[in-house]
Amino acid sequence: MPKENERVTVVEHPLVSHKLALLRDKNTPPSQFRQVVRELAMLETYESSRYLPTKSVTIETPLMATECQMLAISPVIVPILRAGLGMLEGVLDLLPFATVGHLGMERDHVTHIAHAYYAKMPVDVGERPVIVVDPMLATGGSAAEALKYLREKGVRDLTLMVLVAAPEGIETVLAADEEVKIITCAIDDCLNENAYILPGLGDAGDRIFGTLQ
Ligand code: PRP
Ligand code: URA
């Protein structure tokens, strides 16, 4: 069962813990890291989509007509580039009818302040539930900027789905946006002096794409 804490859900499950341990292991190579990020994103999507609205539809089984519940509206998935791209396919495995908006955000390595460098959203993003995906919520600067951008586009139903969150990032995001819900596989201890999450898993983008310095 997920651990509920108002607007923050920690997905607690043996499979999630196991796969997260593989990501934390510094010896996990990019090929496996990428695959496990995708699998964790798929597992988390099960939780993130729990409150998507449904509607009644009449379905003909081979035997008779029956009333069923189906999703009422397709969500928009917004990966924060680059690392969020690693989660996208896992989310789309479960929500293949979703549309995708790309948002490029980068943290300055000295100031740790995030800035947007690219945005391309579906035209109707403001009318749909949006799930923002990014493996890491560290200072919360990137996520807060992304959420602000989406609110300005008219988005009302917003969920932020990350793999690892720092307490500092959660606090920043909850303060920056009064309604967003956060789903994470873990809440770690703190940030180090370079604003990396401890114990964390290192630089998610570099590990997904094999660009480690
Ligand atoms: C990482 C990560 C988040 C951000 C989190 O991206 O994927 O987007 O840092 O940090 P914050 O909460 O302090 O803003 P990064 O800026 O390293 O870019 P990348 O995805 O291209 O590696
Ligand atoms: N971005 C990452 O990829 N990892 C961290 O620990 C912090 C920000």
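We count ligands from 1, going down the list as the structure has it; atoms in each ligand are counted the same way. The figures here come from the full heavy-atom set of this structure, side chains too, leaving out hydrogens, waters and symmetry mates. Numbers here simply count residues along the sequence, with the first being 1.
- Put simply, the side chain of L81 reaches to within 4.5 Å of the side chain of H102, judged on heavy atoms.
- Note: L40 CG to T45 OG1 = 10.5 Å, rounded to the nearest 0.5 Å.
- The backbone N or O of Y196 lies less than 3.5 Å from no partner atom in the side chain of N194, so there is not a single donor-acceptor pair.
- Ranked by closest heavy atom to atom 2 (C) of ligand 2, the top entry among M136, R207, R82, H112 is M136.
- Separation of atoms OG1 (T172) and CG (D177) is listed at 12.5 Å; rounding is to 0.5 Å.
- By the 4.5 Å heavy-atom criterion applied to side chains, F33 and L201 are counted as neighbours.
- Under the 4.5 angstrom side-chain criterion for Ile, Leu, Val, Met, Phe, Trp and Tyr, V110 has no cluster partners at all.
- Atom 2 (C) of ligand 1 has as its closest protein heavy atom D134 OD1, 3.4 Å.
- For A204, a nitrogen or oxygen atom sits less than 3.5 Å from a nitrogen or oxygen atom of ligand 2, counting backbone and side chain alike.
- Considering CE of M161 and CD1 of I77, their distance stands at 7.5 Å, rounded to 0.5 Å.
- Nearest protein heavy-atom neighbour of atom 14 (O) of ligand 1: S142 OG, 2.5 Å.
- Closest heavy-atom approach to atom 20 (O) of ligand 1 among the candidates A83, P79, A165, G84: A83.
- Protein heavy atom at the shortest distance from atom 21 (O) of ligand 1 is R82 NE, 2.9 Å.
- The line from CZ of R38 to NZ of K19 is 12.0 Å long, rounded to the nearest 0.5 Å.
- Annotation: A138 places an N or O atom under 3.5 Å from an N or O atom of ligand 1; distance criterion only.
- Taking a cut-off of under 4.0 Å to the non-hydrogen atoms of A195, the atoms of ligand 2 that pass are 7 (C).
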Can you give me every donor-acceptor pair (side chain of residues 65-74, partner residue at least two apart or in another chain, under 3.5 Å) with its distance?
from: E67; atom 1: OE2; to: T58; atom 2: OG1; distance (Å): 2.6
from: Q69; atom 1: OE1; to: T54; atom 2: OG1; distance (Å): 3.1
from: Q69; atom 1: NE2; to: S56; atom 2: OG; distance (Å): 2.9

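- Counted within 6.0 Å of NE2 on H18, heavy atoms from surrounding residues, nucleotides or ligands total 12 or fewer; the atom is thus considered open.
- The N/O atoms of G140, backbone and side chain alike, include one that comes under 3.5 Å of an N/O atom in ligand 1.
- Under a 4.0 Å criterion applied to the non-hydrogen atoms of E106, ligand 1 contributes the atoms 16 (O).
- Ranking the protein heavy atoms by distance from atom 13 (O) of ligand 1 puts T139 OG1, 2.5 Å first.
- Inclusion of G202 in the set of residues having an N or O under 3.5 Å from an N or O of ligand 2 is warranted.
- Taking NE2 of H115 as the reference point, atom CD1 of I113 lies at 11.5 Å (rounded to 0.5 Å).
- In summary, the atoms of ligand 2 found under 4.0 Å from a heavy atom of A138, numbered by their order in the structure, are 7 (C), 8 (C).
- Given atom 15 (P) of ligand 1, the protein heavy atom at minimum distance is R107 N, 4.3 Å.
- Scanning all protein heavy atoms for the shortest distance to atom 5 (C) of ligand 2 gives Y196 CD2, 3.3 Å.
- In this structure, the protein non-hydrogen atom closest to atom 5 (C) of ligand 1 is M136 O, 3.5 Å.
- Regarding atom 17 (O) of ligand 1, its nearest protein heavy-atom neighbour is D203 OD2, 4.0 Å.
- Among protein heavy atoms, atom 18 (O) of ligand 1 sits closest to M105 O, 4.1 Å.
- To the nearest 0.5 angstrom, H13 atom NE2 is 9.5 Å from E47 atom CD.
- Neither the backbone nor the side chain of A83 has any atom closer than 4.0 Å to an atom of ligand 2 (non-hydrogen atoms only).
- Using a 4.0 Å cut-off between heavy atoms, D206 makes no contact with ligand 1 at all.
- For ligand 2, the polar-atom distance check finds an N/O of I197 within less than 3.5 Å of one of the ligand's N/O atoms.
- Looking at L160, I170, I182, L174 one by one, the single match for side chain to side chain contact (heavy atoms under 4.5 Å, CB included) with R7 turns out to be L174.
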